[in-house]
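For reference, the structure discussed in these notes is given below.
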Amino acid sequence: QEVAAFIQQESSKMKIQSSVTSFTDKCFKKCVSAIDNGNLSNYEANCMNDCLNRFLDTNIKIVEM
Amino acid sequence: QEVAAFIQQESSKMKIQSSVTSFTDKCFKKCVSAIDNGNLSNYEANCMNDCLNRFLDTNIKIVEM
Amino acid sequence: QEVAAFIQQESSKMKIQSSVTSFTDKCFKKCVSAIDNGNLSNYEANCMNDCLNRFLDTNIKIVEM
Amino acid sequence: SIATEMATAYATSLVNSLTENCFDKCILQPSSSLTSVEENCINDCASKFMRSWNLISKSYIARINNP
Amino acid sequence: SIATEMATAYATSLVNSLTENCFDKCILQPSSSLTSVEENCINDCASKFMRSWNLISKSYIARINNP
Amino acid sequence: SIATEMATAYATSLVNSLTENCFDKCILQPSSSLTSVEENCINDCASKFMRSWNLISKSYIARINNP
């Protein structure tokens, strides 16, 4: 029982992390053009955040159609 | 026996559906440029059909080489 | 024991082949522009080789960070 | 059941492909909320995509049956 | 057998990659049948791709053995 | 253990995504060795990518908890 709960918890943690990697991959391509230094500019950080949230909005609209 | 046949049938249905999704993905990118309304224009419909069939021709040529 | 060794050996062969296919896919897109004949030009062959090795360098740098 | 699991896996990959394609076509510059232009575009895009899916499905099955 | 299954899975992914790359390079505007230009292009593309595969394979194995 | 295997699979996919993105952004024309410009670019790119990953992770979890 505890083992099953542990596996399920780990597995959903992994699903979230794998989604985060895939969103980062997509929004990094969209929001980061030049690599001038290792920090995120304000523009890039806002773009990443908007990119994630509009992607999730798009997903929700399509599921609810 | 019936269960095995059912699973195999369902499984080949799923393989076809997953191929259809992957072909649609590829040809949609190639044939649809502007989203002006929800219908497929004649041009887009012909392009989708030609895109699928030429993709399958390419696949056959490569397998037969 | 022998069966397990055989499976492991085959499985690592397959992993290498699947990596080779994925590197070829990536570097073919980068190095081959026009299809004028079936041979690799010197430029293309050098580019494929450099592309593979710089990709592996990038991978190593990132893992060691 | 196995059939349900396979159908779920399939539906997930269709929804993912729809979302990717319509996000790429409709959200060129993501802003702080979906604009009405973007919302209409997503609706039209999803409808165009599903019509394309049906067309490809018919053509593909026709070709499998008459190679 | 397991080895056959693995080899089949591997060959399928190679054929898929060949088909994707050569379709993208050779069929810019799909028409109602393959033209002879497109057919020649597919032949040359597949041959270029397989030569690339062999070159990458040799270089990769050389690098694994002498890191 | 299962948790270790899942964590390894996950780390592999993150490293793959980092490598792909930073190779694409930093190595425009591969040459016979990494230049110092390319090396700096890979460092900065990886750092930008990991900061992006952390930002997306926070925003995504916030959104899951307050849909």
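Proteins come first, then strands; the chains are lettered A, B, ... in the order of their sequence lines, and each starts at number 1. In this text, all values refer to a predicted model and were calculated from it rather than measured experimentally.
Looking only at heavy-atom pairs under 4.5 Å with chain C, the residue among Asn40(E), Leu18(E), Asp44(E) that has the most is Asp44(E). Comparing Ser47(E), Ser13(E), Ala9(E) by how many heavy-atom pairs each has under 4.5 Å with chain C, the most go to Ser47(E).
For the atom pair Asn49(C) CG and Ser59(E) OG, the distance stands at 3.5 Å (nearest 0.5 Å). A distance of 12.0 Å separates OG in Ser22(C) from CG in Leu14(E), rounded to the nearest 0.5 Å. Note: Glu10(C) CD to Thr4(E) OG1 = 9.0 Å, rounded to the nearest 0.5 Å.
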Before you tell me yes or no, could you show the steps for Glu44(C) and Arg51(E) under side chain to side chain contact (heavy atoms under 4.5 Å, CB included), namely the whole-Å CA-CA distance, both residues' side-chain angles and the distance that decides it to 0.1 Å? CA-CA 11 Å; Glu44(C) 289 168 338; Arg51(E) 286 174 207 264; over 6 Å; no
Report the C-alpha distance between Ser52(E) and Leu40(C) in whole Å, list the side-chain angles of each, state the deciding distance to 0.1 Å, and finish with yes or no for side chain to side chain contact (heavy atoms under 4.5 Å, CB included). CA-CA 7 Å; Ser52(E) 305; Leu40(C) 281 182; 3.5 Å; yes
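Nearest heavy-atom pair, Thr21(C) versus Ser17(E), reported as atom, atom and distance to 0.1 Å: CG2-CB, 4.0 Å. Between Tyr60(E) and Ser19(C) the shortest heavy-atom distance is CE2-CB, 4.0 Å. Trp53(E) and Gln17(C) get closest at one heavy-atom pair: CZ2-O, 4.0 Å.
Put simply, the side chain of Ile16(C) reaches to within 4.5 Å of the side chain of Ile64(E), judged on heavy atoms.
By the side chain to side chain contact (heavy atoms under 4.5 Å, CB included) test, Asn54(E) pairs with no residue at all, sequence neighbours left out.
Residues of residues 28-38 of chain C lying under 4.5 angstrom from chain E, judged on non-hydrogen atoms, are Phe28(C), Lys29(C), Val32(C), Ser33(C), Ala34(C), Ile35(C), Asp36(C), Asn37(C), Gly38(C) by number.
Only the side chain of Ile60(C) comes within contact range of chain E, with heavy atoms under 4.5 Å apart.
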